[in-house]
Amino acid sequence: MDFELDDALLTLQQTARRFAEEEIMPVAAAHDVSGEFPREILRKAWELGLSHTGIPESLGGVGLPVVAACLGVEELSRGCSGITTSIISNDLALNPILLGGSDDQRREWLAPCAEEFKVLAFCLSEPGAGSDVAGLQLHAARDGDDYVLNGTKAWITNGGHADLYTVFATLDRSARHKGMCAFVVPRGTPGLSPGKKEDKMGQRASDTTLVHFDDVRVPASQRLGAEGEGFKIAMATLDRARPQVAALAVGIARRALEESLAYSQERKAFGQAIGEFQAVQFMLADMAKGIEAARLLTLQSAWLLDQGRRAAKQSAMAKCFATDVAMEATTDAVQIFGGNGYTKEYPVEKLMRDAKLMQIYEGTNQIQRVVIARELARG
Ligand code: CAA
């Protein structure tokens, strides 16, 4: 087993680190206050091949392995997890096309995203169906060669700014997961309209909105997979996306450790740097070991996906473990900074607010434990 990164991975990691330091960190606090959508930063990340990383080279994309994508995401997230959530949501949203689409559909919808910068949004959750995906209500009625979509999606990242939406709907609500379908719907389709933008506690640079579908007519050629395959496409998408969420959490935790280490060496109490006290050292040590373990789980789940192997259990473990580590590390960072940590003059309160979302989105950590336990039972 070799834990060294090869030259290509090191180059990618350095590119992402430089991009985070030069383009993201200087504006992260301002975006946190304004909540302004960082479209220009997203475009630059796309130009460098740090976004839309799953589009294969055969379609003009960078076709990064998941391991490489995760290494990049950790670096970007160290700069700002809200901006990075906006970036990785593009990959989340293109996965249903990659995993459920035909060759023609991949060419039609993914190749243009490699050619020209486009924002994508993954529309799964609804006001009444977050964890319970099979309970979603957005209805697709077959009408000749079209489907007509009606309903509302909620908590949609990039929802207000997307050029392309991947949308999950049900043909028959009583059939639960067996009735679901996936569609690709471009912005501008009559009846599709972004709704209220959420005023969030953290990750305020990411755009989270309702998306309304009022008699949205979609040709059957825009259905991904067969009727009834929508649930499995959604699950496969989440299995593939969760390592990137875990990597994002590792980036937050790493930033918390870096800030805490620097502060603990400067800040004095009782005549010495607070980093000299074991109470503080133990928190720093716990952060460091959590980060290392979370990164290993993340890269293991990513590696499994790159081998074409089932990774539901490891992806859920990585997402759950890494996001819990991020929450603990950022909470301890605020503790180490004391009163200063609780103010907006220092960066750690933002990290703590940002980390909380990680335990909720792309499947709550309770749902991850459900997935892990079911996978254990499957044997
Ligand atoms: N891959 C392939 N198939 C799968 C699968 C997987 N990972 N998981 C389940 N399936 C199959 C099952 O084998 C079963 O198949 P059969 O009908 O052939 O038996 C079928 O799908 C139904 O599975 P379950 O009975 O396990 O389904 P369930 O209704 O009990 O729900 C769940 C399972 C794991 C709780 C699922 O609903 C889930 O993952 N919920 C969380 C949703 C989530 O993560 N949402 C995040 C939204 S995106 C977001 O937050 C991103 C953002 O904006 C930043």
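Ligands are counted one by one from 1 in listed order, and the atoms in each one are counted from 1 as well. Keep in mind that this is a model prediction, so the values were computed, not measured. Computation of the quantities below employed the complete heavy-atom set of this structure, encompassing side-chain atoms and omitting hydrogens, waters and symmetry-equivalent molecules.
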Salt bridge between [X] and [Y], side-chain N to carboxylate O under 4.0 Å?
{"X": "Arg310", "Y": "Asp239", "result": "no"}
{"X": "Glu362", "Y": "Lys319", "result": "no"}
{"X": "Glu74", "Y": "Arg78", "result": "no"}
{"X": "Arg43", "Y": "Glu40", "result": "yes"}

For a quick test of your reading: what N or O donor-acceptor pairs under 3.5 Å do the side chains of residues 334-345 make, sequence neighbours left out?
{"unit_1": "Asn340", "atom_1": "ND2", "unit_2": "Tyr263", "atom_2": "OH", "d": "2.9"}
{"unit_1": "Thr343", "atom_1": "OG1", "unit_2": "Asn340", "atom_2": "O", "d": "2.8"}
{"unit_1": "Thr343", "atom_1": "OG1", "unit_2": "Glu345", "atom_2": "N", "d": "3.4"}

| field | Sub-4.0 Å heavy-atom environment of ligand 1, residues by chain | value |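 For ligand 1, the residues that come within the 4.0 Å heavy-atom cutoff are Leu92, Phe122, Ser125, Gly130, Ser131, Val133, Ala134, Trp155, Thr157, Arg176, His177, Lys178, Phe231, Lys232, Met235, Leu238, Asp239, Arg242, Arg310, Tyr361, Glu362, Gly363, Ile367, Val371, Arg374.
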| Honestly, is Arg223 close enough over Phe183, meaning NZ or CZ under 6.0 Å from the six-membered ring centre and within 45° of the axis? | no
